[in-house]
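Taking it in order: structure first as structure tokens, then the write-up.
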Amino acid sequence: MTQTRYDQRVRVFVEIRGGAHDWQEAEERFERHGWPVRDAQLSGQGPLGAALSPDPESRVYEIEVRLFGTAKGSDRGAADRVRKVLRAAHLEGYVRRADPITRDRELLPHWRVFSTAGRRPGRQPAWRRRLVRAATQLGRHDTGGFVTGGPRQALRLARAGAPADVPRPTVAVRPLDGRWREPASHTGEEELERSVFRLVLWTSLPAGALTLASAAAPGVARWLMLAVALLGMCGAIRAGWNMSREGKRHEGVVLAVLCVLIFAALGTGLFSGDGTAWTPRQTIMTAVVAAVVAGLWLLVRQWTWGEWVVWAVPLVVTLAVSAFVAAGSVLHALYAEGLSLSPGDLDVPPVWQVAAAVKLLVMLSLVMIVPAWWGFAKHRHHRYAIPGDGTNIVLNVCLFVAMLIGAGVQAWNSAVTAVDRTIAAAERGEDPPSYFGVEPEWTCVRPVVPAKELPGEGPLLKPGTPYLSFGVSGDTAVLWDPATLEPVKLPANQVWLGPAESRNTSCVTAGDGPSGKR
């Protein structure tokens with residue numbers, strides 16, 4: 001099996017001891033992991049030569065290990081992977097040497113092939129030459145051909161394959177970018193991507209630090225944030241310097257400074273209409289969520305199909321069922337439980353159920369900092385995150401349990417805080433705050449049938465006292481008595497409900513006006 005998805009290629013020389021049977025087992029293990037065997041020589045021969053002592057029972061394999069992650073540390077990461085595979089197979093093997101294989105692609109200039117057959121022979125007026133040149137740049141004479149290479153090479157490629165009897169092919173090339181002006185070798189594609197990523201990363205650091213410093217009180221915290229911003233500025237300038245070629249270093253530095261200024265202006269609110277800047281909480285939360293998403297992506301992109309089946313499927317099912325189907329009511333259910341109500345007593349609009357589900361997912365994302373860190377560790381080839389040890393399974397189980405427990409604790413704290421605020425507002429006689437579409441209101445309640453015939457749940461109804469109303473769920477009016485801190489449930493068709501300004505309002509004189517409802 002050949003691994004088709006990978007970031008890095010590393011040439012590894014592995015010494016396998018034990019004879020022909022162990023050599024065959026090692027070759028099967030290498031093939032199973034998608035590591036092609038390039039060569040195999042007895043110990044003391046081949047590329048390593050006399051660096052190893054001759055041994056007829058020992059063979060040195062030259063394999064190509066393909067793995068995900070950064071180029072830095074990939075040699076050590078590949079060696080650790082091979083070592084763990086040999087250990088799991090109970091083979092005596094030693095990684096003797098590991099060298100990263102760099103095969104970056106140059107960003108060659110792009111050219112469009114156009115026809116010169118329509119040009120008139122002889123010298124033409126200047127206005128006509130300018131008109132023909134403009135039409136050519138707009139693609140008027142393009143033939144549909146496309147070539148890459150230096151200026152002379154591009155022209156030869158465009159004219160290659162022309163009939164021998166044609167003295168001069170009637171085609172030429174026009175540039176599609178400015179890379180043809182570079183006198184030296186062209187930048188590598190992956191090198192450019194890494195340079196841009198480093199620039200953006202270093203640029204985000206001073207922008208976030210300046211945002212926090214602008215909101216911090218004068219003191220140690222502000223000076224610390226300013227120091228971090230200065231560090232990020234130096235890193236951004238250095239990244240811009242390194243991403244430019246000799247003779248054009250100033251362009252990269254100017255680009256880095258502009259990026260820092262733009263990001264900082266966005267964070268501090270200079271570009272907003274009202275000048276509102278991000279709060280420290282928004283800044284930190286944005287950075288944490290972005291880091292968590294990046295870490296989880298680095299984690300799951302390295303999963304094999306087996307890992308997807310074992311871990312991703314249960315996780316997706318859990319999120320899909322609990323978050324999108326049930327999570328819309330989880331926070332509401334905890335809120336209702338705190339007020340001695342049932343989840344069915346709260347008639348919550350679907351849009352607020354979705355908002356509650358998003359809130360729970362944000363809580364879950366904060367708890368997923370640990371698996372996100374695991375993704376960064378695997379991407380950077382940390383030894384404890386190298387796949388192959390059985391302890392990784394135990395760690396994954398612990399991570400998922402911690403995620404669920406942490407999300408549950410945060411959801412519980414959110415609902416308990418909302419319940420406490422509702423009870424405190426009710427005791428003061430004020431309007432309680434809303435909670436994801438649940439808006440309790442002070443309401444006067446009067447029975448429209450004799451009191452003895454009025455069924456219901458909870459304490460006896462006091463028509464002169466306002467109650468907190470949570471609306472009508474089905475055929476039941478859901479009320480809450482602030483005096484006894486207990487719910488009161490009455491048939492909606494046997495009571496009259498009218499708005500009250502506060503708890504201190506008397507409902508004795510309230511009339512059956514049009515504002516009332518049954």
Side-chain angles (χ1 to χ4, degrees), residues 326 328-353 355-356 359-360 408 411-518:
S329 59
V330 166
L331 297 179
H332 295 113
L334 295 175
Y335 178 79
E337 180 66 23
L339 297 173
S340 300
L341 299 172
S342 63
D345 294 334
L346 303 179
D347 188 12
V348 183
V351 63
W352 283 108
Q353 293 186 8
K359 174 68 174 181
L360 191 63
W412 174 262
N413 290 336
S414 174
V416 168
T417 301
V419 170
D420 293 340
R421 291 177 180 176
T422 300
I423 295 177
E427 291 177 347
R428 295 191 301 266
E430 302 174 353
D431 291 334
S434 61
Y435 185 69
F436 290 104
V438 180
E439 299 182 359
E441 300 176 345
W442 291 108
T443 305
C444 292
V445 185
R446 287 186 180 182
V448 296
V449 297
K452 295 181 179 181
E453 300 178 4
L454 181 64
E457 300 179 16
L460 293 177
L461 179 66
K462 300 176 182 179
T465 304
Y467 288 80
L468 279 179
S469 172
F470 289 88
V472 177
S473 178
D475 297 331
T476 303
V478 182
L479 310 171
W480 193 77
D481 190 350
T484 62
L485 304 181
E486 296 181 15
V488 179
K489 301 179 184 180
L490 302 173
N493 59 352
Q494 297 185 17
V495 293
W496 171 87
L497 304 176
E501 295 182 358
S502 67
R503 180 182 179 181
N504 300 324
T505 302
S506 176
C507 294
V508 176
T509 58
D512 296 346
S515 60
K517 57 182 179 181
R518 293 189 178 183

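Side-chain contact annotation: D420 with T417, donor-acceptor N/O pair under 3.5 Å absent. In summary, the side chains of S414 and Y335 do not present any donor paired with an acceptor at a separation below 3.5 Å, with no hydrogens or angles considered.
At a threshold of 4.5 Å between non-hydrogen side-chain atoms, the residues E486 and S340 do not count as touching. Between W412 and L334, the closest side-chain pair of non-hydrogen atoms falls below 4.5 Å. The shortest side-chain heavy-atom distance between V488 and W480 does not fall under the 4.5 Å cut-off. A heavy-atom distance below 4.5 Å is found between the side chains of L485 and I423. A heavy-atom distance below 4.5 Å is not found between the side chains of L339 and L468. Side-chain contact between L479 and P487 is absent, with no heavy-atom pair separated by less than 4.5 Å. Within the 4.5 Å cutoff, side-chain heavy atoms of K462 are placed close to those of Y467. At least one side-chain heavy atom of P447 sits under 4.5 Å from a side-chain heavy atom of P463.
Annotation for A336 and L346: closest pair CB-CD1, 3.8 Å, computed over non-hydrogen atoms.
The 12-atom threshold is not exceeded at CD of E337, counting heavy atoms of other residues, nucleotides or ligands nearer than 6.0 Å.
Put simply, the residue from L497, L461, T476, V478 that forms a side-chain contact (heavy atoms from CB on, under 4.5 Å) with L490 is L461.
For W442 (side chain) and E430 (main-chain N/O), a donor-acceptor pair under 3.5 Å exists by modelled atom type. Proximity of a side-chain donor or acceptor of R446 to a complementary backbone N or O of C507 within less than 3.5 Å is detected.
Atoms OG and CD, from S469 and E439 in turn, are 11.5 Å apart once rounded to the nearest 0.5 Å.
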